[in-house]
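Taking it in order: structure first as structure tokens, then the write-up.
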Amino acid sequence: MSGSPDTIDEPPETRREAVRERAFELESIVVQHDEMPDRCTIYPAEATRMERMAEWISVDADLCLSLEDAR
């Protein structure tokens, strides 16, 4: 058996459609720290408090760009 469980017997078009259907907005918050880098946490805007505990990503804030700077 080859491939991963997510791709076995599933045509590529189906996976692409699934990604399009999962579109959502993101929110972010920056937490400032005195003795370590500030951290930016990004999470789905519509997430409940319970979902936010599992559906987030954090990075050092100095690695983030504003939308204006990214253009």
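What you see is a predicted model, and the numbers here were worked out from it, not measured in a lab.
- Clustering ILVMFWY residues whenever any of their side-chain heavy atoms sit less than 4.5 angstrom apart, transitively, puts I57 in the very cluster that holds L26.
- Partners of A54 according to the side-chain contact (heavy atoms from CB on, under 4.5 Å) rule, which considers only residues two or more places apart in sequence or in another chain, do not exist here.
- Annotation: side chain of C64 is in contact with side chain of V59 (closest heavy-atom distance under 4.5 Å).
- Smallest separation of non-hydrogen atoms from Y43 and E55: CB-O, 3.6 Å.
- Applying side chain to side chain contact (heavy atoms under 4.5 Å, CB included) to T48 and the options M50, E46, R52 leaves one that passes, M50.
- You'll find the side chain of H33 reaches within 4.5 Å of the side chain of R39, heavy atoms only.
- By the 4.5 Å heavy-atom criterion applied to side chains, I42 and E27 are not counted as neighbours.
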